[in-house]
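A, B, ... follow the sequence lines: proteins, then strands. Residue 1 opens every chain. Small disclaimer: the values here were computed from a predicted structure and weren't measured.
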Number of protein chains: 2
Amino acid sequence: MQTQLSCIIFVCMRNTVAKQAILEILYKSETALSQTEVQQILPQGFCNRVTIYRVLDRLVKENLIHEITNIDGVVKYANCKKCNKNHSHQHLHFSCENCNTVTCIKSVEPQFDLPKEYEIKKINFMVSGICPSCSR
Amino acid sequence: MQTQLSCIIFVCMRNTVAKQAILEILYKSETALSQTEVQQILPQGFCNRVTIYRVLDRLVKENLIHEITNIDGVVKYANCKKCNKNHSHQHLHFSCENCNTVTCIKSVEPQFDLPKEYEIKKINFMVSGICPSCSR
DNA sequence: TTATTTTTGCAACAAAGTTGCATTAATATT
DNA sequence: AATATTAATGCAACTTTGTTGCAAAAATAA
């Protein structure tokens with residue numbers, strides 16, 4: 001099974017209305033979105049909030065989106081449009097205290113060396129402050 | 001007012017029993033601790049959990065400890081023993097999926113350049129996986 | 001068209017964290 | 001040393017985020 005949606009091709013997971021809608025929202029969004037924010041964008045009563053959580057989980061597993069834990073602890077999701085193929089997600093994320101948006105800064109990948117005894121599975125590089133639009 | 005406690009000198013905040021105990025726990029700990037973990041170390045019924053949250057907040061304001069948002073969204077706190085004087089907290093934190101500990105790796109400070117339009121206030125560099133003790 | 005398997009909705013729950021307010025404790029003042 | 005002041009605490013109630021089990025519905029496969 002293989003289905004085409006606006007920007008990308010995906011396989012494996014069932015192609016439900018909820019999945020299509022949520023994926024489309026994330027691919028159109030310039031910023032990372034939380035479950036709550038996705039729900040606010042979806043038409044009222046479109047689907048249950050648990051469904052949104054579950055769809056987001058599956059999209060992560062399929063490497064179509066990635067998870068970012070914001071500095072306030074809330075998880076946000078961003079599309080993998082310009083992410084590296086290896087899905088390390090080492091790029092920086094900026095969280096604006098003012099407008100409360102989280103943005104992927106895919107051009108900035110902080111470099112570091114960790115002793116090889118550490119087995120790295122996930123990276124979450126988060127910087128918060130005031131974003132360019134809010135600071136002018 | 002100025003009081004001496006085991007490792008450091010602090011000013012300003014009232015020197016309560018709860019504060020002393022919590023600060024001491026954090027200065028003796030090799031790993032970052034959550035509110036829940038601090039509570040488990042304190043003697044049973046030592047103080048209310050809300051008090052722990054509030055003491056932790058105040059210790060952060062006084063730059064005696066720093067906040068780390070773990071990859072699972074839970075906030076942990078670590079002492080500032082070997083932190084830079086500027087309190088940027090740019091060092092890496094490692095979260096072990098296995099033993100669920102978060103450790104400051106103060107010797108590793110990932111480097112990056114962000115356009116100056118971004119006003120940086122907080123840094124949260126988090127890497128998760130398997131720590132050395134769990135991987136052997 | 002039917003069988004199979006995944007997805008969804010619902011209700012209930014859990015964990016982390018916050019708030020308001022009255023009481024208590026620390027510090028400052030006299 | 002006694003009292004006044006202000007900060008810290010306890011308690012109860014609440015909010016938000018996220019999770020789980022299970023029956024019903026929807027996708028896909030046969």
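- Listed nucleotides: dA12(C), dT9(D), dA13(D). Nearest to the side chain of R49(A): dA12(C).
- When rounded to the nearest whole Å, the span between CG of N70(B) and P of dA15(C) equals 17 Å.
- M13(B) places its CE atom 13 Å from the P atom of dA26(C), with the value rounded to the nearest Å.
- Each of A18(A) and V50(A) was assigned the nucleotide of DNA chain C with the nearest heavy atom; the assignment lying further toward the 5' end belongs to A18(A).
- Rounded to a whole Å, the CZ atom of F46(A) is 13 Å from the P atom of dA26(D).
- Contact annotation: T16(B) does not reach the phosphate of dA7(D) (side-chain N/O to OP1 or OP2, under 4.0 Å).
- The side chain of R14(A) places no N or O atom within less than 4.0 Å of a non-bridging phosphate oxygen (OP1 or OP2) of dT4(C).
- Comparing atom distances between the R54(B) side chain and each of dG20(C), dT19(D), dG17(C) picks out dG20(C) as nearest.
- At least one side-chain nitrogen or oxygen of N48(B) sits closer than 4.0 Å to the OP1 or OP2 atom of dC11(D).
- Whole-Å rounding puts the K19(A) NZ to dT28(D) C1' distance at 13 Å.
- Side-chain N/O atoms of N84(A) and E109(A) include a donor and acceptor closer than 3.5 Å.
- Comparing S34(B) and V17(B) against DNA chain C, the residue whose closest nucleotide sits nearer the 5' end is S34(B).
- Rounded to an integer number of Å, the gap from E67(A) CD to dG18(D) C1' is 11 Å.
- Rounded to an integer number of Å, the gap from CG of D72(B) to P of dT17(D) is 16 Å.
- The line from CG of L33(A) to CD1 of I52(A) is 11.0 Å long, rounded to the nearest 0.5 Å.
- Checked against the 6.0 Å centroid criterion, the rings of F112(A) and F125(A) qualify as a close aromatic pair.
- Protein atom CG of L59(B) is 10 Å distant from nucleotide atom P of dT9(D), rounded to whole Å.
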task = Test side-chain hydrogen bond (donor to acceptor under 3.5 Å, both in side chains) on E24(A) and Q20(A) and set out the steps.
result = CA-CA 6 Å; E24(A) 184 141 12; Q20(A) 284 176 33; over 6 Å; no

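- Side-chain proximity of Q35(A) to the nucleotides dA8(D), dA13(D), dG18(D) is greatest for dG18(D).
- Interatomic distance, Q90(B) CD to L92(B) CG, rounded to the nearest 0.5 Å: 10.5 Å.
- Note on T36(B): only backbone sugar-phosphate atoms sit closer than 4.0 angstrom, heavy atoms only; bases stay farther off.
- Within the 4.0 Å cut-off from OP1 or OP2 of dG9(C), at least one side-chain nitrogen or oxygen of T51(A) is found.
- Taking atom CD of residue E37(A) and atom P of nucleotide dT16(D), one finds them 14 Å apart after rounding to whole Å.
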